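Below is one structure, written out as C-alpha coordinates, with a few remarks after it.
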There are 2 protein chains.
Amino acid sequence: MAAPADPRVCSIARALEVVGEKWALLAVREVFLGNRRFDEMIRRTGAPRDTLTARLRTLVAAGILQRHRYSDHPQRFEYHLTTAGRDLYPVILTLLRWGDEHLAGPEGPPLVLEHTCGHLLVPEVTCQACGEVVDPAETTRRSPTGS
Amino acid sequence: MAAPADPRVCSIARALEVVGEKWALLAVREVFLGNRRFDEMIRRTGAPRDTLTARLRTLVAAGILQRHRYSDHPQRFEYHLTTAGRDLYPVILTLLRWGDEHLAGPEGPPLVLEHTCGHLLVPEVTCQACGEVVDPAETTRRSPTGS
DNA sequence: CGGGTCGGTCCGAATTCTGGACGCACGCTA
DNA sequence: TAGCGTGCGTCCAGAATTCGGACCGACCCG
(Lines give C-alpha, C1' and ligand atoms only; values in the text may rest on other atoms or scores of the structure.)
Protein backbone atom coordinates (compact mmCIF):
# COMPACT_ATOMS: atom_id res chain seq x y z
CA MET A 1 0.00 0.00 0.00
CA ALA A 2 1.17 3.47 -0.78
CA ALA A 3 1.13 6.47 1.52
CA PRO A 4 -1.95 6.54 3.78
CA ALA A 5 -1.88 10.34 3.50
CA ASP A 6 -2.96 11.80 6.78
CA PRO A 7 -2.40 15.52 6.81
CA ARG A 8 -2.20 16.86 10.30
CA VAL A 9 -5.11 18.90 11.49
CA CYS A 10 -3.30 21.78 13.00
CA SER A 11 -3.67 25.43 13.84
CA ILE A 12 -0.42 26.18 12.12
CA ALA A 13 -1.71 24.81 8.85
CA ARG A 14 -4.95 26.69 9.24
CA ALA A 15 -3.18 29.90 10.03
CA LEU A 16 -0.97 29.49 7.01
CA GLU A 17 -3.99 29.09 4.76
CA VAL A 18 -4.74 32.70 5.53
CA VAL A 19 -1.46 34.41 6.24
CA GLY A 20 1.00 31.94 4.79
CA GLU A 21 2.00 34.08 1.92
CA LYS A 22 4.50 36.85 1.58
CA TRP A 23 2.27 39.63 0.36
CA ALA A 24 -0.43 38.93 2.88
CA LEU A 25 1.90 39.36 5.78
CA LEU A 26 3.65 42.33 4.23
CA ALA A 27 0.30 44.03 3.81
CA VAL A 28 -0.39 43.41 7.46
CA ARG A 29 3.04 44.77 8.32
CA GLU A 30 2.21 47.98 6.49
CA VAL A 31 -1.00 48.39 8.39
CA PHE A 32 0.89 47.92 11.64
CA LEU A 33 3.28 50.62 10.47
CA GLY A 34 0.36 52.92 9.82
CA ASN A 35 0.01 52.65 6.07
CA ARG A 36 -3.57 51.77 5.52
CA ARG A 37 -4.09 52.73 1.90
CA PHE A 38 -3.81 50.64 -1.19
CA ASP A 39 -1.30 52.74 -3.07
CA GLU A 40 0.89 53.16 -0.05
CA MET A 41 0.94 49.41 0.45
CA ILE A 42 1.83 48.92 -3.19
CA ARG A 43 4.71 51.33 -2.80
CA ARG A 44 6.11 49.95 0.40
CA THR A 45 5.67 46.25 -0.18
CA GLY A 46 6.44 46.07 -3.88
CA ALA A 47 3.52 43.73 -4.47
CA PRO A 48 1.83 43.66 -7.87
CA ARG A 49 -1.45 45.52 -7.77
CA ASP A 50 -3.56 42.53 -8.68
CA THR A 51 -1.92 40.39 -6.07
CA LEU A 52 -2.39 42.97 -3.35
CA THR A 53 -6.01 43.36 -4.33
CA ALA A 54 -6.49 39.62 -3.96
CA ARG A 55 -4.64 39.44 -0.65
CA LEU A 56 -6.52 42.31 0.87
CA ARG A 57 -9.73 40.60 -0.09
CA THR A 58 -8.79 37.36 1.63
CA LEU A 59 -7.50 39.22 4.65
CA VAL A 60 -10.78 41.05 4.93
CA ALA A 61 -12.70 37.82 4.41
CA ALA A 62 -10.60 36.19 7.11
CA GLY A 63 -11.47 38.94 9.54
CA ILE A 64 -7.94 40.24 9.83
CA LEU A 65 -8.52 43.58 8.16
CA GLN A 66 -11.52 45.78 7.84
CA ARG A 67 -12.24 47.87 4.80
CA HIS A 68 -13.25 51.32 5.74
CA ARG A 69 -14.62 54.08 3.56
CA TYR A 70 -12.85 57.31 4.44
CA SER A 71 -14.32 59.27 1.60
CA ASP A 72 -17.42 58.90 -0.52
CA HIS A 73 -17.14 60.87 -3.69
CA PRO A 74 -14.73 59.59 -4.75
CA GLN A 75 -14.99 56.36 -2.85
CA ARG A 76 -11.75 55.76 -1.01
CA PHE A 77 -10.89 53.04 1.39
CA GLU A 78 -8.52 52.29 4.20
CA TYR A 79 -7.70 48.99 5.76
CA HIS A 80 -7.74 48.67 9.51
CA LEU A 81 -6.69 45.85 11.78
CA THR A 82 -9.37 43.95 13.58
CA THR A 83 -8.68 42.28 16.89
CA ALA A 84 -7.67 39.15 15.05
CA GLY A 85 -5.37 41.27 12.94
CA ARG A 86 -3.77 42.88 15.95
CA ASP A 87 -3.22 39.42 17.35
CA LEU A 88 -0.88 38.79 14.45
CA TYR A 89 1.63 41.14 15.99
CA PRO A 90 3.50 38.32 17.72
CA VAL A 91 3.85 36.51 14.42
CA ILE A 92 5.26 39.60 12.77
CA LEU A 93 7.62 40.23 15.65
CA THR A 94 9.03 36.71 15.70
CA LEU A 95 9.56 36.84 11.95
CA LEU A 96 11.24 40.21 12.34
CA ARG A 97 13.56 38.90 14.99
CA TRP A 98 14.43 35.80 12.99
CA GLY A 99 15.21 37.92 9.97
CA ASP A 100 17.26 40.33 12.07
CA GLU A 101 19.33 37.48 13.41
CA HIS A 102 19.78 35.36 10.36
CA LEU A 103 19.44 37.57 7.34
CA ALA A 104 20.71 40.99 8.33
CA GLY A 105 23.85 42.27 6.68
CA PRO A 106 26.72 43.82 8.58
CA GLU A 107 24.84 47.11 8.73
CA GLY A 108 22.45 45.45 11.11
CA PRO A 109 18.67 45.27 11.03
CA PRO A 110 17.07 47.85 8.75
CA LEU A 111 14.10 48.41 11.03
CA VAL A 112 14.43 48.78 14.75
CA LEU A 113 11.61 48.94 17.24
CA GLU A 114 11.63 50.48 20.65
CA HIS A 115 9.51 49.34 23.54
CA THR A 116 7.86 51.77 25.93
CA CYS A 117 10.12 50.42 28.64
CA GLY A 118 12.85 52.45 26.99
CA HIS A 119 14.90 49.65 25.50
CA LEU A 120 15.18 48.35 22.00
CA LEU A 121 12.59 45.71 21.49
CA VAL A 122 13.98 42.20 21.33
CA PRO A 123 10.92 39.97 21.20
CA GLU A 124 11.07 36.67 23.03
CA VAL A 125 8.53 33.90 23.23
CA THR A 126 7.79 32.88 26.77
CA CYS A 127 5.46 30.47 28.54
CA GLN A 128 2.46 32.30 29.90
CA ALA A 129 2.40 30.08 32.95
CA CYS A 130 6.00 30.26 34.10
CA GLY A 131 7.41 33.16 32.13
CA GLU A 132 10.41 31.22 30.93
CA VAL A 133 11.69 31.57 27.40
CA VAL A 134 10.40 28.63 25.42
CA ASP A 135 12.81 26.14 23.95
CA PRO A 136 11.78 23.34 21.58
CA ALA A 137 13.46 20.80 23.85
CA GLU A 138 11.30 21.82 26.79
CA THR A 139 8.07 21.23 25.01
CA THR A 140 6.07 18.05 24.50
CA ARG A 141 2.97 17.13 22.64
CA ARG A 142 -0.07 16.46 24.73
CA SER A 143 -2.94 14.06 24.08
CA PRO A 144 -4.11 13.89 20.46
CA THR A 145 -2.84 12.50 17.15
CA GLY A 146 0.65 11.14 17.67
CA SER A 147 3.64 11.20 15.38
CA MET B 1 4.36 61.45 -11.39
CA ALA B 2 3.25 57.92 -10.68
CA ALA B 3 4.22 55.75 -7.71
CA PRO B 4 7.84 56.26 -6.64
CA ALA B 5 7.87 52.57 -5.58
CA ASP B 6 10.04 52.25 -2.55
CA PRO B 7 9.75 48.78 -1.10
CA ARG B 8 10.78 48.66 2.51
CA VAL B 9 14.03 46.97 3.31
CA CYS B 10 12.96 44.84 6.18
CA SER B 11 13.80 41.66 7.99
CA ILE B 12 10.21 40.57 7.79
CA ALA B 13 10.28 40.72 4.02
CA ARG B 14 13.59 38.89 3.92
CA ALA B 15 12.37 36.21 6.26
CA LEU B 16 9.27 35.74 4.16
CA GLU B 17 11.37 35.19 1.06
CA VAL B 18 12.55 32.01 2.69
CA VAL B 19 9.77 30.81 4.95
CA GLY B 20 6.84 32.81 3.66
CA GLU B 21 5.07 29.89 2.16
CA LYS B 22 2.76 27.30 3.57
CA TRP B 23 4.63 24.14 2.68
CA ALA B 24 7.97 25.49 3.80
CA LEU B 25 6.73 26.19 7.27
CA LEU B 26 4.74 22.99 7.44
CA ALA B 27 7.85 21.04 6.56
CA VAL B 28 9.65 22.80 9.37
CA ARG B 29 6.77 22.00 11.67
CA GLU B 30 7.13 18.31 10.87
CA VAL B 31 10.81 18.38 11.64
CA PHE B 32 10.05 20.00 14.97
CA LEU B 33 7.57 17.21 15.59
CA GLY B 34 10.24 14.66 14.85
CA ASN B 35 9.33 13.66 11.31
CA ARG B 36 12.48 14.11 9.36
CA ARG B 37 11.87 11.96 6.32
CA PHE B 38 10.49 12.95 2.98
CA ASP B 39 7.62 10.49 2.82
CA GLU B 40 6.55 11.23 6.34
CA MET B 41 6.46 14.93 5.56
CA ILE B 42 4.41 14.23 2.46
CA ARG B 43 1.93 12.26 4.52
CA ARG B 44 1.58 14.70 7.36
CA THR B 45 1.62 17.96 5.48
CA GLY B 46 -0.34 16.98 2.39
CA ALA B 47 2.09 18.82 0.16
CA PRO B 48 2.56 17.66 -3.43
CA ARG B 49 5.81 15.75 -3.77
CA ASP B 50 7.30 18.13 -6.28
CA THR B 51 6.53 21.11 -4.15
CA LEU B 52 7.99 19.57 -1.03
CA THR B 53 11.12 18.66 -2.95
CA ALA B 54 11.48 22.27 -4.03
CA ARG B 55 10.80 23.65 -0.55
CA LEU B 56 13.23 21.33 1.14
CA ARG B 57 15.84 22.44 -1.30
CA THR B 58 15.35 26.10 -0.55
CA LEU B 59 15.23 25.43 3.18
CA VAL B 60 18.52 23.60 2.96
CA ALA B 61 19.97 26.35 0.80
CA ALA B 62 18.81 28.89 3.36
CA GLY B 63 20.55 27.06 6.14
CA ILE B 64 17.38 26.14 7.97
CA LEU B 65 17.57 22.41 7.40
CA GLN B 66 20.42 20.04 6.84
CA ARG B 67 20.21 17.03 4.60
CA HIS B 68 21.67 14.01 6.25
CA ARG B 69 22.39 10.61 4.77
CA TYR B 70 21.21 8.00 7.23
CA SER B 71 21.76 5.11 4.86
CA ASP B 72 23.97 4.59 1.86
CA HIS B 73 22.79 1.70 -0.21
CA PRO B 74 20.06 2.65 -0.78
CA GLN B 75 20.74 6.31 -0.26
CA ARG B 76 18.26 7.69 2.22
CA PHE B 77 18.07 11.11 3.73
CA GLU B 78 16.72 12.89 6.75
CA TYR B 79 16.31 16.57 7.32
CA HIS B 80 17.55 18.10 10.52
CA LEU B 81 17.14 21.55 11.95
CA THR B 82 20.15 23.78 12.05
CA THR B 83 20.47 26.48 14.65
CA ALA B 84 18.76 28.89 12.31
CA GLY B 85 16.00 26.34 11.91
CA ARG B 86 15.57 25.90 15.61
CA ASP B 87 15.32 29.65 15.88
CA LEU B 88 12.14 29.43 13.86
CA TYR B 89 10.40 27.86 16.81
CA PRO B 90 9.02 31.19 18.02
CA VAL B 91 7.52 31.83 14.61
CA ILE B 92 5.83 28.44 14.63
CA LEU B 93 4.56 28.95 18.15
CA THR B 94 3.06 32.34 17.49
CA LEU B 95 1.34 31.03 14.38
CA LEU B 96 0.07 28.08 16.37
CA ARG B 97 -1.33 30.31 19.03
CA TRP B 98 -2.98 32.61 16.53
CA GLY B 99 -4.58 29.66 14.81
CA ASP B 100 -5.70 28.21 18.12
CA GLU B 101 -7.37 31.45 19.03
CA HIS B 102 -8.90 32.47 15.77
CA LEU B 103 -9.44 29.37 13.71
CA ALA B 104 -10.12 26.54 16.14
CA GLY B 105 -13.54 24.96 16.12
CA PRO B 106 -15.57 24.32 19.24
CA GLU B 107 -13.54 21.15 19.86
CA GLY B 108 -10.61 23.37 20.64
CA PRO B 109 -7.09 23.30 19.29
CA PRO B 110 -6.17 20.03 17.61
CA LEU B 111 -2.59 20.07 18.86
CA VAL B 112 -1.67 20.98 22.39
CA LEU B 113 1.81 21.50 23.73
CA GLU B 114 2.99 21.17 27.28
CA HIS B 115 5.84 23.07 28.77
CA THR B 116 8.33 21.47 31.15
CA CYS B 117 6.99 23.78 33.83
CA GLY B 118 4.00 21.47 33.95
CA HIS B 119 1.43 23.74 32.37
CA LEU B 120 -0.06 23.82 28.93
CA LEU B 121 2.06 26.00 26.76
CA VAL B 122 0.51 29.32 25.90
CA PRO B 123 3.22 31.21 24.06
CA GLU B 124 3.51 34.93 24.63
CA VAL B 125 5.80 37.46 23.07
CA THR B 126 7.60 39.55 25.63
CA CYS B 127 10.22 42.28 25.64
CA GLN B 128 13.61 40.84 26.48
CA ALA B 129 14.53 43.93 28.44
CA CYS B 130 11.52 44.35 30.68
CA GLY B 131 9.72 41.04 30.35
CA GLU B 132 6.39 42.65 29.62
CA VAL B 133 4.05 41.21 27.03
CA VAL B 134 4.44 43.25 23.88
CA ASP B 135 1.56 45.26 22.53
CA PRO B 136 1.59 47.06 19.19
CA ALA B 137 0.61 50.28 20.89
CA GLU B 138 3.66 50.18 23.14
CA THR B 139 6.09 49.96 20.32
CA THR B 140 7.64 52.66 18.17
CA ARG B 141 9.92 52.73 15.21
CA ARG B 142 13.43 53.90 15.83
CA SER B 143 15.80 55.79 13.56
CA PRO B 144 15.72 54.74 9.89
CA THR B 145 13.43 55.05 6.87
CA GLY B 146 10.23 56.81 7.88
CA SER B 147 6.61 56.03 7.12
C1' DC C 1 9.53 -14.11 -7.53
C1' DG C 2 6.09 -10.70 -5.80
C1' DG C 3 5.54 -7.03 -2.54
C1' DG C 4 6.69 -3.08 -0.02
C1' DT C 5 9.50 1.19 1.38
C1' DC C 6 11.95 5.34 0.54
C1' DG C 7 13.03 9.43 -1.78
C1' DG C 8 12.53 11.26 -5.26
C1' DT C 9 11.62 12.63 -10.82
C1' DC C 10 8.58 13.53 -14.84
C1' DC C 11 4.61 15.07 -16.93
C1' DG C 12 0.69 17.83 -18.50
C1' DA C 13 -3.11 20.50 -16.99
C1' DA C 14 -4.69 24.03 -13.93
C1' DT C 15 -3.88 27.85 -11.30
C1' DT C 16 -1.53 31.93 -9.83
C1' DC C 17 1.65 35.69 -10.26
C1' DT C 18 3.48 39.48 -12.54
C1' DG C 19 3.96 43.99 -14.74
C1' DG C 20 2.14 47.29 -17.52
C1' DA C 21 -1.63 49.71 -19.49
C1' DC C 22 -5.94 51.54 -18.66
C1' DG C 23 -10.21 53.57 -16.28
C1' DC C 24 -12.90 56.50 -13.47
C1' DA C 25 -14.06 59.90 -10.11
C1' DC C 26 -12.69 63.31 -8.33
C1' DG C 27 -9.65 67.92 -6.73
C1' DC C 28 -6.41 71.55 -7.83
C1' DT C 29 -4.47 75.16 -10.72
C1' DA C 30 -4.61 78.62 -14.07
C1' DT D 1 -12.14 75.18 -19.44
C1' DA D 2 -8.29 72.44 -20.01
C1' DG D 3 -4.86 69.84 -18.07
C1' DC D 4 -2.57 67.40 -14.53
C1' DG D 5 -2.37 64.61 -10.32
C1' DT D 6 -4.11 61.21 -6.88
C1' DG D 7 -6.38 57.03 -5.22
C1' DC D 8 -7.97 52.57 -6.02
C1' DG D 9 -8.53 49.65 -8.48
C1' DT D 10 -9.47 46.37 -13.24
C1' DC D 11 -7.88 44.00 -17.44
C1' DC D 12 -4.84 41.52 -19.97
C1' DA D 13 -1.43 38.27 -21.65
C1' DG D 14 2.70 35.88 -20.80
C1' DA D 15 5.50 33.59 -17.28
C1' DA D 16 6.00 30.92 -13.43
C1' DT D 17 4.23 27.70 -9.97
C1' DT D 18 1.43 24.24 -8.26
C1' DC D 19 -0.92 20.09 -8.39
C1' DG D 20 -1.81 15.15 -8.71
C1' DG D 21 -0.67 11.05 -10.46
C1' DA D 22 2.33 7.87 -12.66
C1' DC D 23 6.71 6.18 -12.65
C1' DC D 24 11.57 4.71 -11.02
C1' DG D 25 15.77 2.71 -9.00
C1' DA D 26 17.75 0.66 -5.10
C1' DC D 27 17.12 -1.87 -1.94
C1' DC D 28 14.80 -5.51 1.90
C1' DC D 29 11.67 -9.27 3.18
C1' DG D 30 9.51 -13.82 2.75
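The chains referred to below are lettered A, B, ... by the order of the sequence lines, with proteins before strands, and numbering in each begins at 1. Quick caveat: nothing in here was measured; it's all calculated off a predicted structure.
- Not one N or O on the side chain of B:Thr126 forms a donor-acceptor pair closer than 3.5 Å with the backbone of B:Glu132.
- The backbone N or O of B:Gly63 sits less than 3.5 Å from a side-chain atom of B:Thr82, completing a donor-acceptor pair.
- Using a distance-only test at 3.5 Å, with no hydrogens or angles considered, no donor-acceptor pair links the side chain of A:Arg142 to the main chain of B:Glu114.
- Within the structure, every pair that satisfies the side chain to side chain donor-acceptor pair (under 3.5 Å) test and touches residues 19-33 of chain B, not counting sequence neighbours, is listed here: A:Arg8-B:Glu30, A:Glu17-B:Lys22, B:Glu21-B:Arg55, B:Glu30-B:Asn35.
- Using a 4.0 Å heavy-atom cutoff across all strands shown, B:Phe38 reaches at least one base atom of the nucleic acid.
- Atom-to-atom, CD of B:Glu30 to P of C:dG7 comes out at 14 Å; the value is rounded to the nearest Å.
- Between A:Tyr79 and D:dG9 there is a side-chain polar atom (N or O) within less than 4.0 angstrom of OP1 or OP2.
- Atoms CZ (A:Arg69) and P (D:dG7) sit 18 Å apart, rounded to a whole Å.
- The CD1-P distance, from A:Ile42 to C:dG19, rounds to 11 Å in whole Å.
- Note: CD (A:Glu40) to C1' (D:dG7) measures 11 Å, nearest angstrom.
- Proximity of a side-chain donor or acceptor of B:Thr53 to a complementary backbone N or O of B:Arg49 within less than 3.5 Å is detected.
- When the P atom of C:dC6 is taken as reference, atom CG of B:Asn35 falls 12 Å away, rounded to whole Å.
- Within 4.0 Å (heavy atoms only), A:Arg67 reaches sugar-phosphate atoms of the nucleic acid but no base atom.
- Applying the 4.0 Å criterion to OP1 and OP2 of C:dG7, one finds that B:Tyr70 has a side-chain N or O inside that range.
- With salt bridges taken as basic N to acidic carboxylate O contacts below 4.0 Å, none links B:Arg36 and B:Glu40.
- Distance CD (A:Glu78) to P (D:dC8): 8 Å, rounded to an integer number of Å.
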Step by step, work out the side chain to side chain donor-acceptor pair (under 3.5 Å) result for B:His80 and B:Glu78. CA-CA 6 Å; B:His80 288 260; B:Glu78 283 183 336; 3.0 Å; yes
Output one letter per nucleotide in nucleotides 17-30 of chain D: B when a protein non-hydrogen atom lies under 4.0 Å from the base, S when only the sugar-phosphate is that close, - when neither is. -SBB-B---BS---
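- Between the CZ atom of B:Arg43 and the P atom of C:dT5 there is a distance of 11 Å, given to the nearest Å.
- Remark: C1' of D:dG7 and CE of A:Met41 are 13 Å apart, rounded to the nearest angstrom.
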